[in-house]
**Q** 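The structure's right below; bear with me while I get my questions together.
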Amino acid sequence: MRQDEIWDVEAAENYDTPGTGVFAPEVLTPMVDRLAELAGGGRALEFAIGTGRVAVPLAERGVPVAGIELSRPMIAQLREKVDEATVPVVVGDMATATAPGEHTLVYLVYNTISNLLTQAEQVECFRNAARHLVPGGRFVVELGVPDLRTLPPGQRATVWHTEDGYIGLDTYDVLNQHLVSHHFRFGEGRQARLFRSPHRYIWPAEMDLMAQLAGFELESRHADWAGAEFTGESGSHVSVYRLLPAADRA
């Protein structure tokens with residue numbers, strides 16, 4: 001399925017979980033704090049802005065924020081929170097669409113770069129970030145580390161979360177670095193609701209090379225938004241790339 005088919009009206013209407021999950025204050029507050037710091041008083045651009053989970057509180061901090069988003073239903077949910085003047089959005093693919101103006105910060109959170117299903121598209125996403133940034137500006141990517149150590153030999157699926165009424169599992173195609181996340185939600189009856197999303201996972205070193213191809217250098221990498229050390233056991237990372245002056249780019 002295409003991303004615009006996955007993020008349809010039903011998915012958009014059920015995306016927000018105010019106060020819980022990725023909308024919990026303990027998740028959002030350190031993220032917004034860090035992004036506001038990295039913006040350095042300039043303008044920010046969010047790739048795949050969605051329903052405004054991050055952009056709205058960042059704008060409330062006084063950071064001018066714009067966005068690029070492929071899904072019109074997700075934008076419709078955003079518009080229930082803020083108007084176009086407050087958070088302008090360009091409809092399009094984050095690897096190719098262009099937002100007006102120059103920015104000191106472009107950010108892409110919550111594994112969303114993996115929604116681009118080829119290495120070439122992911123490289124173009126880095127290049128698109130570079131096109132929107134002033135020299136010295138930063139591109140921030142939050143992404144999970146591929147959890148292949150939990151995949152037994154000969155098996156293609158792992159269960160990564162279970163709780164009452166919910167099971168999350170991933171199926172892998174390790175040859176092509178693809179996975180599909182399956183989210184099963186169910187009650188007392190015999191029926192379950194399934195939401196699936198395809199991804200191309202990226203190793204941190206591979207992502208650093210993508211950044212180099214687009215004229216960036218790695219400035220920092222931490223295990224979370226609060227600045228915890230990134231180690232071999234970290235399940236995710238927040239990587240900050242700085243755009244080099246044109247004369248210094250490879």
**Q** Taking the six-membered ring for Trp, are Phe184 and His182 parallel (under 30°), tilted (30 to 60°) or perpendicular (over 60°)?
**A** parallel
**Q** Taking the basic N atoms (NZ, or NE/NH1/NH2) and the acidic carboxylate oxygens, is any pair closer than 4.0 Å for Glu60 and Lys81?
**A** no
**Q** Of all heavy-atom pairs between Pro204 and Arg221, which one has the smallest distance, and what is that distance?
**A**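 Taking every non-hydrogen atom into account, O-NH2, 3.7 Å.
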**Q** Does the plane of the ring in Phe139 sit parallel, tilted or perpendicular to the ring in Tyr241? Use 30° and 60° as the thresholds.
**A** tilted
**Q** Tell me if a side-chain donor or acceptor on His178 pairs with a main-chain N or O of Leu117 at a distance below 3.5 Å.
**A** yes
**Q** Hey, are Glu142 and Arg34 close enough for a salt bridge, meaning a charged N less than 4.0 Å from a carboxylate O?
**A** no
**Q** Between Ala11 and Asp8, which heavy-atom pair has the shortest distance, and what is it?
**A** N-OD1, 2.9 Å
**Q** Measure the acute angle between the ring planes of His183 and Phe195, then classify it against the limits of 30° and 60° as parallel, tilted or perpendicular.
**A**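 Plane angle between 30° and 60°, so tilted.
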**Q** I'd like to know if Glu84 pairs up with Arg79 as an ion pair, taking the criterion as any Lys NZ or Arg NE/NH1/NH2 lying under 4.0 Å from an Asp or Glu carboxylate oxygen.
**A**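 Arg79 and Glu84: salt-bridged.
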**Q** Are more than 12 heavy atoms, taken from residues, nucleotides or ligands other than Arg61, located less than 6.0 Å from that residue's CZ atom?
**A** yes
**Q** Count the heavy atoms belonging to other residues, nucleotides or ligands that lie under 6.0 Å from OH of Tyr110, then report whether that count exceeds 12.
**A** no
**Q** Quick one: side-chain contact (heavy atoms from CB on, under 4.5 Å) partners of Asn14, sequence neighbours excluded?
**A** Glu10
**Q** How would you list, by chain and number, every residue that makes a salt bridge (charged side-chain N to carboxylate O under 4.0 Å, His left out) with Arg190, sequence neighbours excluded?
**A**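 Result, salt bridge (charged side-chain N to carboxylate O under 4.0 Å, His left out) vs Arg190: none returned.
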**Q** What pairs with Glu124 under salt bridge (charged side-chain N to carboxylate O under 4.0 Å, His left out), at least two apart in sequence or on another chain?
**A** Arg127
**Q** Could you label the plane-to-plane angle of the Tyr15 and Trp7 rings as parallel, tilted or perpendicular, counting under 30° as parallel and over 60° as perpendicular?
**A**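 Taking Trp7 first and then Tyr15, their aromatic rings stand perpendicular (interplane angle over 60°).
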